[in-house]
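Report on the structure given below.
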Amino acid sequence: MTFAPRRAALLTSLVAAALTATACAPQTSSDSSSGKDDQSGTLRVWLFQEVGNKPKEKVVDSVVADFEKAHKGTKVAIEYIPVETRAQRVKAAFNDPASAPDVMEYGNTDTAGYVQDGGLLDVSADFADWSEAKDSDPTAKQSVTVDGKVYGVPYYVGVRALYYRTDIFDELGVKAPKSMAELASTARKIRAAKPDLYGLVVGGAYTYGAMPFVWANGGELATGKGGSYASAIDSEDARKGIKAYTGLFGDDNCPAAKCAGMGGNDTVTAFAAGKAGMAIGGDFSHAAVEAGKVKGKYAVVPLPGVAPGSVAPAFAGGNNIGVLKSTSHRTLAVALMEQLAAKKTQSEMFDAMGFLPTFTDVRDKIAAKQPYVKPFVDTLAAGTKFVPASPAWSQIDSSLVLPTMLQEVISGKKDVEKASADAAKKMNDAFGSAG
């Protein structure tokens, strides 16, 4: 997931098809810890509360109405929970099945941790039988997969690309950069010509903005799978990426004193306010940029990679929907999960909230109608990356291991070799403690 901004969703006329498909869902409850599979009653659902939640509610209400009509004697109770307090709510639900929902939206970086906690139901067979699953983006499917088993369905995905000021580029006679080297030189050219602007605004606390630099240079965050991950952030290739990113902090582009503490929201806010020539922002940043001073004066292209014409791998953020293992309505809960994340629903959710769909065919249709989506779809098509599918990732993320590493380099406190080695040790300690 990415918890600051939000993302996008999808298309196709499927209510009838979805209901038909879910009628064929497995009737067994052998993998449900409740041991029950009631075919009627109330299904409890937790979804995330968004900024401006009413459009989301309208789409969900329509899905619920169709579901209740197709399943006589069944009611669906939706509760929208704050993202910020989700950890406490979910932990309590895992510990007390009586208070738990049947179906839940969750961040895709939370998958492995929730699986380790024993909270999510294995829906591998259901996913395989779901007719729409064949069109799921591979990285999105990876975000619901732990050790080869599937624990939910992708709900929406979000990626980042390069926003740039068309008016400034025209004035300076420069074109959108085609490589990371051009990105850096263009940023410095903008800063030299317009000292009141950041060339490319970057943030020392912007983990998901830095990751593409590591991946584009051939580095990885970690290697392995399941309980055997080992950090790779101190590898030679990863260090090339760290150097490329931290090299953008300085008076000739984005002064460390101002930029070292910035996160992703800060960089997008600076660009939207007209304070930067370029920024790395998500599809979910579009509304904020459109509402800013640069409206009508910017464009978006995929973030370039190392080789000219290549695309840097982006982090595939987003959310999933899963069934809790404690449900006493297994068949109904799986059917509702699939309908909440169906092509038709995701298409409507894109129109309502701007959430980018997880189905490749639906994304292509949306991109054809909404040109601003195309650079993000192209980024996804070029290949994205995900964080290690380990319950340790939430600890690594919350303890700011990677931002600390970046800021140590930016401040000059440590060189790249020392900072990355220390970060690798912290990551390996977390992987080890996660079992």
Side-chain angles (χ1 to χ4, degrees), residues 2 4-8 158-172 174-180 182-213 216 244-256 258-305 311-315 317 354 356 372-376 378-379 403 406 410:
T2 53
R6 306 300 246 219
R7 329 266 187 229
V159 292
R160 292 163 177 81
L162 183 68
Y163 286 73
Y164 70 96
R165 287 279 297 276
T166 52
D167 56 337
I168 293 175
F169 274 54
D170 289 344
E171 180 184 340
L172 299 182
V174 296
K175 298 184 180 299
K178 301 285 190 181
S179 67
M180 281 194 166
E182 282 189 15
L183 177 70
S185 62
T186 302
R188 293 186 174 99
K189 187 176 292 186
I190 294 169
R191 177 73 171 176
K194 297 182 175 293
D196 56 327
L197 299 181
Y198 304 120
L200 167 65
V201 60
V202 286
Y206 192 4
T207 304
Y208 298 116
M211 283 179 179
F213 289 78
Y245 186 73
T246 55
L248 294 167
F249 292 80
D251 291 341
D252 60 350
N253 176 50
C254 201
K258 294 183 177 180
C259 302
M262 285 189 180
N265 279 356
D266 300 319
T267 63
V268 171
T269 298
F271 181 82
K275 297 178 180 178
M278 296 181 287
I280 300 167
D283 54 272
F284 42 84
S285 306
H286 177 257
V289 176
E290 276 288 288
K293 292 183 178 180
V294 299
K295 179 179 174 63
K297 299 183 290 187
Y298 74 93
V300 185
V301 293
L303 183 69
V311 176
F315 166 71
L356 196 62
Y372 85 84
V373 174
K374 188 176 186 304
F376 302 102
D378 290 346
T379 297
L406 296 172
I410 294 164

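Not measured: the values here are computed from a predicted model.
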Heavy-atom closest pair, residues Pro177 and Pro304: O-CG, 3.8 Å
task: Give, for atom CD1 of Ile168 and atom CG of Leu197, the distance between the pair rounded to the nearest 0.5 Å.
output: 5.0 Å
message: Restricting to non-hydrogen atoms, name the atom on Ala205 and the atom on Gly261 that form the minimum distance, rounded to 0.1 Å.
response: CB-O, 4.0 Å
- prompt: Is there side-chain contact between Phe169 and Thr186, with heavy atoms separated by less than 4.5 Å?
  reply: yes
field: Spacing of SG belonging to Cys259 relative to CG belonging to Leu248, to within rounding of 0.5 Å
entry: 10.0 Å
task: Hey, could you give me the OH/NZ distance between Tyr198 and Lys275, rounded to the nearest 0.5 Å?
output: 7.0 Å
task: Calculate, to the nearest 0.5 Å, the distance between atoms CG and CD1 belonging to Leu183 and Ile280 respectively.
output: 6.5 Å
message: Taking atom NZ as the centre, does Lys374 end up with more than 12 heavy-atom neighbours from other residues, nucleotides or ligands that are less than 6.0 angstrom away?
response: no
statement: Closest non-hydrogen contact found for Phe213 with Ala244 is CD2-CB, 4.1 Å
task: Can you see which heavy atom on Phe271 is nearest to which on Ala279, and at what distance?
output: CB-CB, 3.6 Å
task: Could you tell me whether the side chain of Met262 reaches within less than 4.5 Å of the side chain of Tyr206, counting heavy atoms only?
output: no
query: Would you say the side-chain atoms of Asn253 pair up with the backbone N or O of Arg188, donor to acceptor, closer than 3.5 Å?
result: no
query: Does some side-chain heavy atom of Asp283 sit less than 4.5 Å from a side-chain heavy atom of Val159?
result: yes
message: When you measure from the side chain of Arg191 to the backbone of Asp251, do you find a donor-acceptor pair of N or O atoms at a distance under 3.5 Å?
response: yes
- prompt: Looking at the rings of Phe376 and Tyr372, which for Trp means the six-membered one, are their centres under 6.0 Å apart?
  reply: no
Euclidean distance, Cys254 SG relative to Lys258 NZ, rounded to 0.5 Å: 9.5 Å
- request: Identify the two heavy atoms, one from Met180 and one from Ala216, that lie closest to each other, and give their separation to 0.1 Å.
  value: CE-CB, 3.6 Å
field: Nearest non-hydrogen partners of Pro302 and Ala161, listed with the distance
entry: CA-CB, 4.1 Å
Any Thr379 side-chain heavy atom under 4.5 Å of Leu303 side chain: no
query: Got a second to check how far Leu162's CG is from Leu200's CG, nearest 0.5 Å?
result: 6.5 Å
message: Treating Asp170 as the side-chain partner and Asp167 as the backbone partner, does any N or O pair qualify as donor plus acceptor under 3.5 Å?
response: no
message: So, applying side chain to side chain contact (heavy atoms under 4.5 Å, CB included) with Met278, which one of Tyr163, Tyr164, Tyr298 is it?
response: Tyr164
- prompt: Just wondering, do Tyr245 and Met211 contact through their side chains at under 4.5 Å, heavy atoms?
  reply: no
